[in-house]
Amino acid sequence: MAKIIGNPLPDMPWENKPAGCTEPVWRYSQNPIIPRNLIPCANSIFNSAAVRYQDEYRGVFRVDNKAREMRLHAGKSQDGVNWTIEEEPIRFVCENLKDADEVGVFEYGYDPRVCFIEDRYYVTWCNGYHGPTIGLAYTFDFKTFYKMENIFIPFNRNGVLFPRKINGNYAILSRPSDNGHTPFGDIFYSESPDLTYWGCHRHVMSTRGGWESTKIGAGPTPIETDEGWLLIYHGVLTSCNGFVYSFGAALLDLEKPWKVLKRGHSYLLSPQTLYECVGDVPNVAFPCSCLTDSETGRIAIYYGCADTVTGMAFTTVDEIMDFLNREG
Ligand code: BMA
C-alpha cells in the first residue's frame, strides 16, 4: 500500500466513511464548515487554503466582499473545522520587493494555496496584475505576509507549489489562461532556483472528455507518497447551463512530475449537494488544500462550494490509489 511522505497529524479533522457509501471521497456531514457571512464584510468565503501550524491550523481565505472585490484574509482554527477569519484583508509587506510601487500594488487576489517549504509558509494566488497571474508571498506566523515577485506574466491561474525542491529547484504547477472565464486550459510544470526566476516549462496534462473536457487546474499542494505525487485537480465541463467544476486525481512521477503515471477517468466529487449547486456560481466544487496524516493515510480536502461557502471532504491514500489503479 502507498504511504504518505509527511508528518503524522493524529488530531486532524476526520469523519469515517458513511456506512453504505461506495465512493472514494465522502463529504463532511456538517458541511458547509464556513458560511458565506462568517465575517461582516463577506459576500462569500470559498476556494481557500488550510494548513497545520504548530499545534493548531491556519489558513488563507478567499473572501469576496460586499463590493464584490476579491480579497485574501488570514484565519485560524484549533480543530481545522471551526475557523476565525480576520475581518481585515491581508496587507502584504513589500519592504524587500524590487519596484514595490509597481508590483506591490494589490488589485485583486483569489483562489489562494498555502505550501510549507523548508522554514516558512508560501502563499500563491491568482493575482491581478494587468490580468490574472500567479502572486507569491511568504509568512512565518500568518500575521505578516511578505510579497514576492509574480511568478509568471499574465495570464495564468492555479499556481500550486510543490512542498519541497525537486532535483534542486523549487517547482510549481500552473495553468496558462486568458483574461476572461477561460474556455481552455492544461496543467504545466515549471521550476526555479530562487522562487523569482522560473523556467524549464513542461506540459503535464491536457483536458480529456466528460467532466474535464473544457479545462483543468491543479488543486491542493501535491501530496508526496512513496509511489508518486498525488495530485487532486479540478476539471471543468461546459454544459448547456455553463461551467461545471468537479475534482479528480492523478499520480505524477516523483522526480519528473510532468510525467503522469496514473489518472482517474471519473471525477472523485462533482457538485451534487444543495450547497455545491446553489450559490453565486452554481455547480462548483473547487479544492484548494488538504491536510494529511502520514500514519493513517487520512486526507481531508477543503473545497469551495458554488463560489459561496467552504466545505470539507474526506478520503485516504488507499482509497485514491485503489481508484487510480481501477481507473488510471
Ligand atoms: C474560476 C475561478 C474560481 C471559481 C470558478 C467558478 O475561473 O474564478 O475562483 O471558483 O471560476 O466560478
Side-chain angles (χ1 to χ4, degrees), residues 31-36 42-50 59-65 67-73 89-90 106-114 123-129 131-135 152 154-160 173-188 207 211-220 232-248 267-289 301-313:
N31 270 354
I33 59 165
I34 300 174
R36 65 185 304 162
N43 166 78
S44 44
I45 307 174
F46 55 111
N47 302 5
S48 299
V60 175
F61 294 83
R62 172 173 176 174
V63 177
D64 289 8
N65 66 23
R68 296 303 297 265
E69 296 160 330
M70 299 179 285
R71 297 286 180 263
L72 303 172
H73 289 233
I90 294 170
F106 186 88
E107 194 185 331
Y108 59 77
Y110 62 88
D111 299 355
R113 277 49 166 206
V114 179
V123 188
T124 53
W125 69 94
C126 183
N127 188 45
Y129 179 70
T133 182
I134 308 301
F152 297 115
F155 309 109
N156 203 307
R157 293 183 172 99
N158 299 300
V160 178
L173 299 171
S174 76
R175 210 275 304 289
S177 62
D178 68 12
N179 202 11
H181 299 295
T182 316
F184 62 88
D186 295 350
I187 298 176
F188 287 81
T207 53
W211 69 274
E212 51 177 337
S213 50
T214 300
K215 52 182 168 174
I216 54 175
I232 294 174
Y233 66 98
H234 67 260
V236 180
L237 165 157
T238 305
S239 80
C240 59
N241 197 32
F243 287 159
V244 177
Y245 282 71
S246 307
F247 59 85
Y267 58 70
L268 287 171
L269 186 145
S270 80
Q272 296 180 8
T273 65
L274 199 62
Y275 55 87
E276 292 157 354
C277 298
V278 177
D280 287 350
V281 182
N283 308 320
V284 181
F286 195 100
C288 286
S289 64
I301 304 165
Y302 293 84
Y303 68 106
C305 308
D307 284 12
T308 304
V309 297
T310 305
M312 264 185 128

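First listed ligand is number 1; within each ligand, the first listed atom is number 1.
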For [atom], the protein heavy atom that lies nearest, with its residue and separation:
atom                    : result
atom 11 (O) of ligand 1 : Y245 OH, 3.0 Å
atom 9 (O) of ligand 1  : R62 NH1, 2.6 Å
atom 3 (C) of ligand 1  : D111 OD2, 3.2 Å
atom 10 (O) of ligand 1 : D307 OD1, 2.5 Å
atom 8 (O) of ligand 1  : Y110 CE1, 3.7 Å

Problem set entry | Within-cut-off N or O pair, K215 and ligand 1, under 3.5 Å | no

Seminar exercise, completed: Between the NZ atom in K215 and the OG1 atom in T182, the distance rounded to the nearest 0.5 Å is 5.0 Å

For this session: Considering the heavy atoms of N47, write down every atom of ligand 1 situated less than 4.0 Å from one of them.
Result: 3 (C), 4 (C), 9 (O), 10 (O)

Exercise. Got a donor-acceptor contact below 3.5 angstrom from the S289 side chain to the A50 backbone?
Worked result: yes

Problem set entry | ligand 1-proximal atoms of F243, by part, heavy-atom distance under 4.0 Å | neither

Exercise. Of N65, D280, D64, which is the lone residue that meets side-chain hydrogen bond (donor to acceptor under 3.5 Å, both in side chains) with N43?
Worked result: D280

Exercise. Using the ring of each side chain (for Trp, its six-membered ring), is F243 parallel, tilted or perpendicular to Y245, with breaks at 30° and 60°?
Worked result: perpendicular

For this session: Specify whether W211 and Y267 have parallel, tilted or perpendicular ring planes, treating 30° as the upper limit for parallel and 60° as the lower limit for perpendicular.
Result: perpendicular

For this session: Report yes if the side chains of D111 and M70 come closer than 4.5 Å at any heavy-atom pair, otherwise no.
Result: no

